[in-house]
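Single-structure report; data block below.
Counting convention: from 1, in listed order, for ligands and their atoms alike.
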Amino acid sequence: MAMYAESVALSIGSQSSLSALACDPAHSRGRRFAEAPAPTRNAFQRDRDRIVHSTAFRRLVYKTQVFLNHEGDLFRTRLTHSLEVAQLGRSIARALGLNEDLVEAVALAHDLGHTPFGHAGQDVLNECMTEHGGFEHNLQSLRVVDQLEERYPAFDGLNLSFETREGVLKHCSRANAEQLEQMEPGGVGRRFIDHTQPSLEAQLCNLADAIAYNAHDIDDGVRSGLISMEQLLQVDLFADYHQQTLAEHPGLLAKPRRLLYESIRRMLSDQVYDVIDTTRRAVAYLGVRTLDQARLAGPLVAFSPSMKTRSIELKKFLFAQLYRHPQVMHTTGQAQQVVRELFAAYVAQPSEMPIDFATSADLHRSVADYIAGMTDRFALREHERLTGRKLL
Ligand code: MG
């Protein structure tokens with residue numbers, strides 16, 4: 001599979017002031033299958049458009065982030081989460097002169113491989129696949145864009161640029177990296193063997209992901225009634241902005257929702273400014289001048305040490321108080337049972353799956369692919385159809 005660089009004129013849809021450390025679509029490492037350049041879009045804009053038009057992207061609207069899709073209309077789903085990551089990522093990219101289109105493409109694709117029911121689904125699928133190569137949602141996102149989407153006459157997947165695929169694969173085990181390396185020497189698996197860094201755009205998306213979910217999980221957690229403002233005030237990162245907001249707007253004590261939003265807004269902004277500032281300092285301090293040098297340096301897009309500490313404290317709080325809340329754990333347990341029983345049912349009767357999955361040479365992998373692609377509600381319907389029992 002020859003890599004093919006898209007030589008679109010630099011002027012097409014490019015930002016006015018790109019840093020020398022930004023990925024440049026005109027110098028992309030290319031796509032796995034040669035395609036003529038698009039007349040009006042650069043390679044990364046085209047990747048983003050392909051992601052937005054994919055089936056897996058549309059399914060994100062019915063996939064759980066923390067709360068199951070049917071638990072309320074106002075909670076985040078994987079889709080709105082991905083849009084928030086893209087928004088935060090682009091803001092930071094613009095300030096740092098990094099490629100906004102690439103950041104947007106990676107952000108919109110980063111969760112495509114997530115199973116129904118969030119982490120509960122992924123853990124069970126990984127358990128079911130222990131003897132058959134395991135299941136990792138990051139690797140699955142890559143599988144979706146490389147293989148599982150069926151939209152083009154000549155190849156499987158979306159045939160995205162190397163840089164977008166590299167950003168999608170944010171973690172990867174050594175064993176999986178070695179397998180990827182065999183299929184695609186020097187490709188997206190290599191950095192997990194070499195211990196080098198991905199592009200700054202990819203690093204940025206990881207951080208934007210964490211900034212987004214920490215903030216929106218506070219919002220959803222409070223909205224659901226599972227965490228209270230009093231509990232949140234034990235978390236330094238939140239308490240500081242809450243105090244600041246009240247000092248400036250004492251009247252908001254009577255308007256708790258606005259107080260919450262203003263505190264979260266300030267927290268988001270400060271994290272964004274912190275990343276921008278810390279990244280600029282790191283680049284200047286280390287004297288990194290080219291993207292190749294950046295790949296060999298440690299992670300450059302990062303929080304300052306104090307922001308990192310406070311962000312980890314918030315993450316731990318959310319883990320203990322929200323993700324491990326008895327009510328969430330109860331639905332998690334049921335969701336795990338749905339995935340476990342679906343897996344067993346399809347392995348026992350592959351013909352219950354669509355023909356392409358049923359006739360695959362690797363049955364277990366294709367059952368995992370089929371289940372991973374499901375929305376929450378489709379998984380529940382299938383579970384009821386196959387077992388005759390209604391859970392959740
Ligand atoms: Mg995410």
Taken by chain and residue number, the protein N/O/S atoms under 2.8 Å from the Mg ion (ligand 1) read His81 NE2, His110 NE2, Asp111 OD2, Asp209 OD1
Applied to residues 210-252, the ring pair (Phe, Tyr, Trp, His ring centres under 6.0 Å) test, sequence neighbours excluded, yields His81-His216, Phe238-His242
Begin from the C-alpha positions of Ile227 and Phe317 and carry the test side chain to side chain contact (heavy atoms under 4.5 Å, CB included) through to its verdict. CA-CA 10 Å; Ile227 49 180; Phe317 168 85; 4.1 Å; yes
Are Arg76 and Asp219 close enough for a salt bridge, meaning some N to O gap below 4.0 Å? yes
Grouping ILVMFWY residues whenever side-chain heavy atoms fall under 4.5 Å, the cluster of Phe44 otherwise contains Leu102, Val106
Applying salt bridge (charged side-chain N to carboxylate O under 4.0 Å, His left out) to Glu131 and not counting sequence neighbours gives none
For Gly133 and Asn176 the tightest heavy-atom approach is O-OD1, 4.4 Å
